[in-house]
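This report refers to the structure that appears directly beneath it.
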Amino acid sequence: MANKYLRKVVIPSAATETDLYTVPAANASILSSLRITNANASRGTVTVSQYSALDAAEHFLLKSYSIATSTTLDVFNGVPCILMEGDKITVESSVATTHFYLSYLEVDRN
């Protein structure tokens, strides 16, 4: 069983739900931080969703949250989020130039 500390960064187009991360086969993941920075000159709203591989249901981690310009927030606020094989995280922002930075630990379950 190997542990890998990883990061993923995405700056999606405005108003486009974008896959940020999907847990690979035979792995589990511990998401430690998801920092969102609004680098746009306008206030925006952000949504972060988790989709379960078991039932494909959408679970909101943050829904239509208003974020001021030049502001950064951490979705998990120090509380890790556990994902299992096939689960995924998606992000969406109403404005362009919103930066999403995910830090996580991937655990190989083989």
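Smallest separation of non-hydrogen atoms from N38 and N40: OD1-N, 2.9 Å. When every heavy atom of S33 is checked against every heavy atom of D74, the shortest pair comes out as OG-OD2, 3.0 Å. For the residue pair R7 and Y101, the shortest heavy atom distance occurs at CD-OH, 2.9 Å.
No side-chain heavy atom of E85 sits less than 4.5 Å from a side-chain heavy atom of N27. Between E58 and K63, every side-chain heavy-atom pair lies at or beyond the 4.5 Å cut-off. Within the 4.5 Å cutoff, the side chain of L61 has no heavy atoms near those of the L34 side chain. Counting only heavy atoms from C-beta outward, the side chains of V48 and I36 approach each other to under 4.5 Å. You'll find the side chain of Y65 reaches within 4.5 Å of the side chain of L73, heavy atoms only.
F76 and V107 fall into different hydrophobic clusters, defined by Ile, Leu, Val, Met, Phe, Trp and Tyr side-chain heavy atoms under 4.5 Å apart, directly or through other members. In this structure, L62 is a member of the same hydrophobic cluster as L83, with clusters built from ILVMFWY side-chain heavy atoms closer than 4.5 Å. Linking Ile, Leu, Val, Met, Phe, Trp and Tyr whenever their side-chain heavy atoms come within less than 4.5 Å leaves V79 and I89 in two separate clusters.
In this structure, the side chain of T47 engages the main chain of S64 through a donor-acceptor pair within 3.5 Å. Looking at S32, its side chain does come within 3.5 Å of a backbone N or O of S103 through a donor-acceptor pair. Side chain of S94 to main chain of T45: a donor-acceptor pair is present (N/O by atom type, distance under 3.5 Å, no hydrogens or angles). T37 contributes no side-chain N or O that, together with a main-chain N or O of A39, makes up a donor-acceptor pair within less than 3.5 Å. Side-chain atoms of K88 never come within 3.5 Å of backbone atoms of D19 as a donor-acceptor pair (strictly under, hydrogens ignored).
For the atom pair NE2 (H99) and OG (S93), the distance works out to 10.0 Å, reported to the nearest 0.5 Å. Between atom CD of residue E17 and atom CD of residue E92 there is a gap of 6.0 Å, rounded to the nearest 0.5 Å.
Put simply, the residue from L6, V91, D87, L31 that forms a side-chain contact (heavy atoms from CB on, under 4.5 Å) with Y21 is L31. Just one of V75, I67, V95 meets the side-chain contact (heavy atoms from CB on, under 4.5 Å) condition when paired with V46; it is I67.
In Y51, the OH atom is crowded: over 12 heavy atoms of neighbouring residues, nucleotides or ligands sit closer than 6.0 Å.
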